[in-house]
Amino acid sequence: MQQKVRFQIEGMTCQACASRIEKVLNKKDFVESAGVNFASEEAQVVFDDSQISAADIAKIIEKTGYGAKEKTEDALPQPEETAHVSWRLWLLFAINVPFLIGMAGMMIGQHDWMIPPIWQFALASVVQLWLAVPFYKSAWASIKGGLANMDVLVTIGTVSIYLYSVYMLFFSPHAAHGMAHVYFEVGVMVIGFVSLGKFLEHRTKKSSLNSLGLLLKLTPTQVNVQRDGEWKQLPIDQVQIGDLIRANHGERIAADGIIESGSGWADESHLTGESNPEEKKAGGKVLAGALMTEGSVVYRATQLGSQTLLGDMMNALSEAQGSKAPIARVVDKAAAVFVPAVVGIALLTFIATWLVKGDWTVALMHAVAVLVIACPCALGLATPAAIMVGMGKAVKHGIWFKDAAAMEETAHVDAVVLDKTGTLTEGRPQVAAVYCVPDSGFDEDDLYRLAAAVEQNAAHPLARAIVSAAQARGLEIPAAQNAQTVVGAGITAEVEGVGLVKAGKAEFAELTLPEFSDGIWDIASIVAVSVDNKPIGAFALADALKTDTAEAIGRLKKHGIDVYIMSGDNQGTVEYVAKQLGIAHAFGNMSPRDKAAEVQKLKTAGKTVAMVGDGINDAPALAAANVSFAMKGGADVAEHTASATLMQHSVNQLADALLVSQATLKNIKQNLFFAFFYNILGIPLAALGFLNPVIAGAAMAASSVSVLSNALRLKRVKIE
């Protein structure tokens with residue numbers, strides 16, 4: 001049986017490390033697929049658990065030279081510790097100071113500012129023989145694994161310069177006369193700059209890219225819990241399901257629960273993206289992380305930790321941010337050959353420069369500059385960094401993408417297919433008219449009772465409207481057995497003492513409606529009812545458009561996206577709604593198979609299609625579309641099938657999803673351009689001697705931080 005497991009990976013230094021772990025895992029017969037995200041430092045592995053365990057896979061990863069810790073679904077993601085400057089980095093800074101002063105002096109002709117060569121040797125030895133050891137370990141582990149990483153380049157370059165300088169200081173003919181040309185400062189400063197770059201990169205990845213930290217802060221650490229008849233302040237980890245918890249004005253809800261007493265208003269924008277607070281009163285639900293903006297409530301905890309909606313979202317976001325977008329394959333292919341290619345270019349540079357200049361010292365400096373200017377890290381961060389920020393931005397708008405591939409595909413969408421009921425409309429239709437078949441033996445109250453008896457087994461908004469209407473009339477609804485849903489048509493059930501009752505489309509109940517003078521029957525949704533296949537009547541139900549639907553359709557059209565309505569309702573109703581919204585393509589009387597076939601036609605015509613729906617009947621079309629969006633709280637099969645979930649039940653969120661995805665893909669392309677351009681430009685400049693190794697090392701360190709900074713710009717992008 002296939003199982004999916006996630007691991008937190010420790011010790012990766014660049015994209016080549018991630019590629020190496022992937023390569024090792026994907027070679028195993030029991031691994032279906034493995035992906036490693038350098039930015040999130042996470043591996044996602046699908047494997048056959050009948051052949052191997054997750055613990056064994058962790059050991060395989062550890063044998064490649066990296067740490068691996070399994071991330072369980074039951075546990076919430078843990079807050080990242082703030083990155084602090086280590087003692088090793090402080091010591092590197094201190095050793096770099098005299099070399100920086102000396103180099104500054106040489107730039108203005110003050111060569112005596114540089115410390116004596118023997119002191120240079122002593123300080124450089126501390127760096128190369130002690131502080132640089134982590135680089136050597138990483139490089140050796142990488143070489144053993146068959147893929148060279150960034151640390152291989154740094155190691156080759158700095159060790160070469162150090163050994164050359166040692167030879168020139170102690171063994172060259174010029175050494176005895178104090179004329180030796182040494183370059184100890186190069187190795188020291190390259191190690192220093194690269195270490196600083198790694199620290200800045202690590203801090204940015206941990207504290208800025210990931211939105212999980214912000215979500216984790218929404219859960220209070222201390223809560224007021226009733227124990228033994230008294231209110232006590234307890235840590236959140238001591239709360240149990242069933243406990244009564246009090247949340248006052250300004251406090252956050254600690255668990256999903258049901259309000260027992262009190263009332264107020266709560267801000268749930270962390271989940272829905274909707275900034276307007278919702279009223280809360282006895283019997284209503286509260287969600288973990290919500291902020292009580294007014295009032296005070298006592299609620300009973302029903303879900304805790306990872307089982308809450310907030311916990312589910314954090315785990316989903318963590319998994320989605322750790323996934324890889326298809327565009328990342330370009331980087332994976334480049335990373336596989338990047339370091340060996342750079343080493344080859346450096347060797348050619350050394351040979352060519354020596355032949356042309358006749359000076360192997362100059363040749364060595366050029367070759368080392370090539371080694372340290374190359375930056376596989378910038379390439380490795382280009383895609384996942386943007387995905388992490390983009391995912392976080394989507395969550396803030398109430399959009400949950402399942403993975404990075406779904407977000408990338410969403411950026412290409414140019415056609416949107418919308419269901420009508422519950423998507424464009426409020427999903428709370430009201431009975432607007434009733435028709436009873438003459439001489440059927442059933443009156444209007446009978447029609448309501450029997451329809452409600454059957455429809456109480458359905459989740460469709462039309463079904464709920466009929467049940468609510470029957471209850472409002474004070475009617476006793478009989479029990480129904482053996483309820484069966486006929487997808488796209490209606491529902492049947494046995495009602496004791498009556499027979500087989502059907503409720504659904506007119507043809508499903510074998511009803512032919514007469515001509516009505518009331519125009520509501522031409523635009524309303526029709527639910528017909530029959531008993532033992534004999535029609536007894538019908539309901540006309542009207543549903544109002546959502547207040548922001550027209551605005552949302554306008555936004556989609558503004559960005560050149562074609563909009564289609566596909567609904568199971570009658571054509572007249574669908575056309576009426578389409579006319580109100582200015583939508584040119586409206587299809588009614590569509591079965592689930594019809595919707596899926598029409599979506600396939602659009603794809604065949606070259607469209608990238610997004611489908612939005614919330615019912616069982618939408619599932620085939622959701623599966624057929626390039627990307628699909630389900631409304632939170634709709635049918636489980638729709639949410640399971642969809643590529644993303646919209647928390648607000650609003651088409652405006654769909655527009656947000658498309659625009660966030662487009663902005664993210666644009667940012668990825670910018671990052672890739674910068675990373676490729678940096679290497680394409682930097683390596684030749686270093687080979688030709690326009691960049692010395694120190695400047696090259698600083699530039700290499702800055703390149704990764706630049707890519708991360710560009711990804712962070714996504715947080716400020718306006719979605720209109």
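Computed from a predicted model, the values in this text were never measured in an experiment.
Heavy atoms only, all atoms of each residue included: Asn710 and Asn667 are closest at O-ND2, 2.9 Å. Here the closest non-hydrogen pair linking Val297 and Gly264 is CG1-N, 4.3 Å. The two residues Ala463 and Ala458 come nearest to each other via the heavy atoms CB-CB, 3.8 Å. Taking all atoms of both residues into account, the shortest heavy-atom contact from Ala266 to Met292 is CB-SD, 4.0 Å. Heavy-atom minimum distance, Asn671 versus Val707: OD1-O, 3.6 Å. For the pair Lys595 and Met566, the tightest heavy-atom approach, listed with the atom from each and the gap, is CE-O, 3.4 Å.
Asn626 places no side-chain N or O within donor-acceptor distance of the main-chain N or O of Val413, the cut-off being under 3.5 Å. Looking at Asp228, its side chain never comes within 3.5 Å of a backbone N or O of Glu230 through a donor-acceptor pair. A donor-acceptor pair under 3.5 Å links the side-chain atoms of Lys603 to the main chain of Ala624, judged by distance alone. Side-chain atoms of Glu408 come within 3.5 Å of backbone atoms of Ile327 as a donor-acceptor pair (strictly under, hydrogens ignored). In this structure, the side chain of Glu551 does not engage the main chain of Asn652 through any donor-acceptor pair within 3.5 Å. Proximity of a side-chain donor or acceptor of Gln44 to a complementary backbone N or O of Gly35 within less than 3.5 Å is not detected. Asp267 contributes no side-chain N or O that, together with a main-chain N or O of Pro277, makes up a donor-acceptor pair within less than 3.5 Å.
Side-chain contact check for Val46 versus Lys4: some heavy-atom pair is nearer than 4.5 Å. Side-chain contact check for Glu409 versus Thr608: some heavy-atom pair is nearer than 4.5 Å. At a threshold of 4.5 Å between non-hydrogen side-chain atoms, the residues Ile491 and His460 do not count as touching. Thr410 places a side-chain heavy atom less than 4.5 Å from the side chain of Leu658. A 4.5 Å side-chain heavy-atom check between Met407 and Val660 finds at least one atom pair inside the cut-off. Val651 has its side chain out of reach of Val416: every pair of non-hydrogen atoms, C-beta onward, lies at least 4.5 Å apart. Annotation: side chain of Thr423 is not in contact with side chain of Ile565 (no heavy-atom distance under 4.5 Å). Contact check for Gln222 versus Pro235: side-chain heavy atoms found under the 4.5 Å cut-off.
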What donor-acceptor contacts under 3.5 angstrom involve side-chain atoms of residues 382-391, with partners at least two apart or in another chain?
none

Exercise answer: donor-acceptor pairs, residues 236-246 side-chain atoms, under 3.5 Å, sequence neighbours excluded:
residue : atom : partner : partner atom : Å
Asp243  : OD2  : Arg227  : NH2          : 2.6
Asp243  : OD2  : Gln240  : N            : 2.8

Give the intermediate values and the outcome of side-chain contact (heavy atoms from CB on, under 4.5 Å) for residues Gln430 and Leu541. CA-CA 5 Å; Gln430 304 291 325; Leu541 297 103; over 6 Å; no
Please evaluate residues Ser628 and Val612 with respect to the criterion side-chain contact (heavy atoms from CB on, under 4.5 Å), reporting the C-alpha separation (whole Å), side-chain torsions for both, the decisive distance (0.1 Å), and the verdict. CA-CA 6 Å; Ser628 50; Val612 185; over 6 Å; no
Apply side-chain contact (heavy atoms from CB on, under 4.5 Å) to Tyr564 and Leu602, showing your working. CA-CA 10 Å; Tyr564 299 76; Leu602 291 173; 3.5 Å; yes
Hey, mind stepping through Leu287 and Leu310 against side-chain contact (heavy atoms from CB on, under 4.5 Å) and telling me if it holds? CA-CA 8 Å; Leu287 299 174; Leu310 175 63; over 6 Å; no
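Put simply, the residue from Lys393, Arg555, Lys396 that forms a salt bridge (Lys or Arg N to Asp or Glu O under 4.0 Å) with Asp656 is Arg555.
Applying the 6.0 Å contact sphere to NE2 of His249 captures no more than 12 heavy atoms from other residues, nucleotides or ligands. The 12-atom threshold is not exceeded at CD of Gln484, counting heavy atoms of other residues, nucleotides or ligands nearer than 6.0 Å.
Salt bridge status for Lys280 with Glu268: present, with a side-chain N to carboxylate O gap under 4.0 Å.
Asn248 and Ser296 share a donor-acceptor pair across their side chains, judged by distance under 3.5 Å alone.
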